[in-house]
Enquirer: 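Quick one: this structure, given as structure tokens, is what I'll be asking you about.
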Amino acid sequence: MNKNLIMADVHSNLTALEAVLEHADPDEETRVICLGDVVGYGPRPNECLELLEDQDAHLLMGNHDAAACGEMDTSYFNPYARKSADWTAGELTSPHRERLRNLPDRIRTGDFGFYHGSPLEPLTEYITTERQAASALDAAQVNRLAVGHTHQPVLYRRDKGTYRGRPISGEDEFFGVDSSTRLVMNPGSVGQPRDGDPRASFVTVDGDLSGTVDLRWHRVPYDVQTTQSRIRSAGLPEPLAERLEQGR
Ligand code: ZN
């Protein structure tokens, strides 16, 4: 496959996921990978899982997926996250609950390792520094990693022996990367961006994930108000609706 669509942290935000798929327009040749947290926080868990299933997407387990299917204790979650995990657990159909339970916590394809958090703590570590990016690559023994979990689009790249992190703030940010470059990329979040930009964030990768690849970050607007009103009618905590319009 020479086209890849890499996304993370959909968080049951169906209108955001639909907007991403419409914009990216994946065909049968596109490998769709979601780096965990399809569910949690948002109002449409089953529908998001179904839509990704329709795309034959490769899913990883995220901490919110694990919490919603009973595979993770939620006592360390903040109260809003815990409330939404309980709500999601009650909403999930049993086939979807089973599906979540059986998700892998890592995928290896080509030169890439895929994780929700990091190779060291696949479900829970936030990679937010150059140093963590470097140790994550060493731990996974790969040249390239794609991770989610922080909801912040960023590219860490080794350049002349040192790692540099670069937050990706715009749309259509493009990087051509040769096979010798070690990198950690985060596509940002589809359903709950936290970098101050409410638009859904994702990455497309041209190339077969080995050798030279072209990485492109995208931002697409979606109907935030629809998701907000679904959050309210589900009785989920109000701050989970409000944060979406601020991208926080
Ligand atoms: Zn998340």
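Order of listing sets the numbers, starting from 1, for every ligand and every atom in it.
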Enquirer: N/O/S atom of H11 under 2.8 Å from the Zn ion (ligand 1), yes or no?
Expert: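 Coordinating: yes.
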
Enquirer: Could you pull out the atom name of the N/O/S atom in D9 that is nearest the Zn ion (ligand 1)?
Expert: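 Result: OD1.
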
Enquirer: Is D65 salt-bridged to R99, going by a charged N under 4.0 Å from an acidic O?
Expert: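 Judged by the 4.0 Å cut-off on N to carboxylate O distance, D65 and R99 do not form a salt bridge.
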
Enquirer: For residues 198-207, run the donor-acceptor check on the side chains, cut-off 3.5 Å, and write out each pair with its distance to 0.1 Å, sequence neighbours left out.
Expert:
from: R199; atom 1: NE; to: D197; atom 2: OD1; distance (Å): 3.1
from: R199; atom 1: NE; to: D197; atom 2: OD2; distance (Å): 3.3
from: R199; atom 1: NH1; to: E171; atom 2: OE2; distance (Å): 2.9
from: R199; atom 1: NH2; to: D197; atom 2: OD2; distance (Å): 2.9
from: S201; atom 1: OG; to: P187; atom 2: O; distance (Å): 2.7
from: T204; atom 1: OG1; to: H218; atom 2: NE2; distance (Å): 2.7

Enquirer: Would you give the angle at the Zn ion (ligand 1) between H151 atom NE2 and D37 atom OD2, to the nearest 10°?
Expert: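 My answer is 170°, to the nearest 10°.
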
Enquirer: Does atom CD of E53 have more than 12 heavy-atom neighbours, drawn from other residues, nucleotides or ligands, at distances under 6.0 Å?
Expert: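 Yes.
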
Enquirer: Can you tell me if CZ on R101 sees more than 12 non-hydrogen neighbours from other groups inside 6.0 Å?
Expert: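 Buried by this count: over 12 neighbours within 6.0 Å.
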
